[in-house]
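Reckoned from all heavy atoms, side chains included, excluding hydrogens, waters and symmetry mates. Naming convention: chains lettered A, B, ... in sequence-line order (proteins, then strands); numbering from 1 in each chain.
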Number of protein chains: 2
Amino acid sequence: MPSSARTADHTAEAFRRTLRAHGLKATPARIAVLTALARAPRPMSAQAVMDALPRNADQATVYRTFRTLKEKGVIRQIDLRHNHAHYEIAGAEEHHHLVCLQCGRVEDVDRCWIEDMQPAVLRRAKHFARITQHALEFYGICRSCAARERPSPRSTAKGSDIPLPSY
Amino acid sequence: MPSSARTADHTAEAFRRTLRAHGLKATPARIAVLTALARAPRPMSAQAVMDALPRNADQATVYRTFRTLKEKGVIRQIDLRHNHAHYEIAGAEEHHHLVCLQCGRVEDVDRCWIEDMQPAVLRRAKHFARITQHALEFYGICRSCAARERPSPRSTAKGSDIPLPSY
DNA sequence: AAATTATTTGCAAGTAATTCGCATTTAGGA
DNA sequence: TCCTAAATGCGAATTACTTGCAAATAATTT
Ligand SMILES: [Mn+2]
Ligand SMILES: [Mn+2]
Ligand SMILES: [Zn+2]
Ligand SMILES: [Zn+2]
């Protein structure tokens, strides 16, 4: 009996289908990245993925894979306040993380609660002594962007980036 | 009649007192950074702060000021998924942000709600067409760190950084 | 008010993370 | 099997941020 979504069909074949379904070529590199992410119990950094991949793991390819799969919604970027981005497979259940500001340790929070629930979150946690902060951001599309719908997807790099106040 | 906390005493004098209260020297640079953050309606990046500061605004000083004030809890770091950190004065009310994934626009959410409340958040929002994601992270101290309490505060840089799995 | 000193600053150089240009390879349809 | 758009790999570039160190200065102390 398969447990939950973490046990989903994270087989090479499944990934191959997912990629094709999104109109992407099912390359060894991409399948390897997805497999690494699927195996890891925590969000992974580019470096971690590269180390996990046996040989041929070019950084440019890994980063490009992250970007592509993130755009397609196959993986999710997680901010852990380390000095680099982390990614995890965008599995079914929405969940959050407990991040130690001192050592960086990360632990999943199985569901989405907040503030008043912090005591409860802490009680359920396995490795945390206390919670001192939490951050919540909503991401979506603003009115003006929705209006001129499709002015060019905001690539994470520069370009005619964020045409906005305060950088 | 002063409105809410955003109108708090964000005067140079008030900042001077705050700094001293935290055992820091009330330098022109620090007061200028705080004043810039106080004036801005949105979290600011280092670049934005430097541009806002009339003359003498060295990047090293701005970054060092961010780090120091963040450690003291005077300002708060905000992740907007742009390619750099943003900061805002850690005013009274805890609040979150609406971030446009396309153009980067940012808007405050006055209170802390979640998920089921997204429709309501969207209704209250002034500039958003839709919310497609939200991210919540809890920050605190993990058990092992709490145990050996004070092994050296995790500086944002490297060093004997995160002694953990997956980078 | 001048002397004292631990902090803080400014500048220049250094790093870490991520991106880009372009020649070469390859997945997958014809 | 051929063809071609898409993807890779390499190196160089960029960006965000940090650091070393000498000079400047805020807040004592006298
Ligand atoms: Mn997770
Ligand atoms: Mn805000
Ligand atoms: Zn927008
Ligand atoms: Zn810890």
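The side chain of Arg67(B) places no N or O atom within less than 4.0 Å of a non-bridging phosphate oxygen (OP1 or OP2) of dT8(C). Residue Arg64(A) places none of its side-chain N or O atoms closer than 4.0 Å to OP1 or OP2 of dA7(D).
The distance from atom CG of Asp79(B) to atom P of dA16(D) is 14 Å, rounded to the nearest whole Å. Distance Met50(A) CE to dA17(C) C1': 11 Å, rounded to the nearest Å. Following rounding to the nearest Å, Arg30(B) (CZ) and dT7(C) (P) show an atom-to-atom distance of 11 Å. The separation between Asp58(B) atom CG and dA16(D) atom C1' is 15 Å, rounded to whole Å. Summarising the geometry, the separation between OH on Tyr87(A) and P on dA17(C) is reported as 13 Å, rounded to the nearest angstrom. To the nearest angstrom, C1' of dA7(D) lies 16 Å from CD of Gln59(A). If you take NE2 of His82(B) and P of dA16(D), they are 12 Å apart, rounded to a whole angstrom. Between the P atom of dA16(D) and the CG atom of Asp51(B) lies a distance of 12 Å, rounded to the nearest Å.
Distances were taken from every side-chain heavy atom of Tyr63(B) (C-beta onward) to each of dA17(C), dA16(D), dG10(C); the shortest belongs to dA16(D).
Test Thr65(A), Val74(A), Leu19(A) against Leu24(A) for side-chain contact (heavy atoms from CB on, under 4.5 Å) and you get one pass: Leu19(A).
In this view, Arg16(B) and Glu13(B) satisfy the salt bridge (Lys or Arg N to Asp or Glu O under 4.0 Å) rule, not counting sequence neighbours. Residues passing the side chain to side chain contact (heavy atoms under 4.5 Å, CB included) test with Ala90(B) are Arg76(B), sequence neighbours excluded. Every residue two or more places apart in sequence or in another chain that forms a side chain to side chain contact (heavy atoms under 4.5 Å, CB included) with Thr35(A) is listed here: Phe15(A), Ile31(A), Arg39(A). By the ring-ring contact (aromatic ring centres under 6.0 Å, His included) test, Tyr63(A) is found to be paired with no residue, residues two or more places apart in sequence or in another chain being considered.
A residue-by-residue look at Ala60(A) and Ala46(B) shows that Ala60(A) has its nearest nucleotide of DNA chain D further toward the 5' end.
A donor-acceptor pair under 3.5 Å links the side-chain atoms of Asp79(B) to the main chain of Arg81(B), judged by distance alone. Listed for the Arg17(B) side chain is no donor-acceptor partner under 3.5 Å among the backbone atoms of Ala21(B).
Against DNA chain C, the stretch residues 14-29 of chain B makes heavy-atom approaches under 4.0 Å through Leu24(B), Lys25(B), Thr27(B), Ala29(B).
Across its full length, the helix from dA1(C)-dT30(D) to dA30(C)-dT1(D) shows an angle of 40° between the axes of its 5 terminal pairs at either end, rounded to 10 degrees.
Counting non-hydrogen atoms under 4.0 angstrom, Ala85(A) reaches the backbone sugars and phosphates but no base.
At a threshold of 4.5 Å between non-hydrogen side-chain atoms, the residues Ile75(B) and Leu34(B) count as touching.
Aromatic ring orientation, His82(A) versus His86(A): perpendicular (interplanar angle above 60°, classes split at 30° and 60°).
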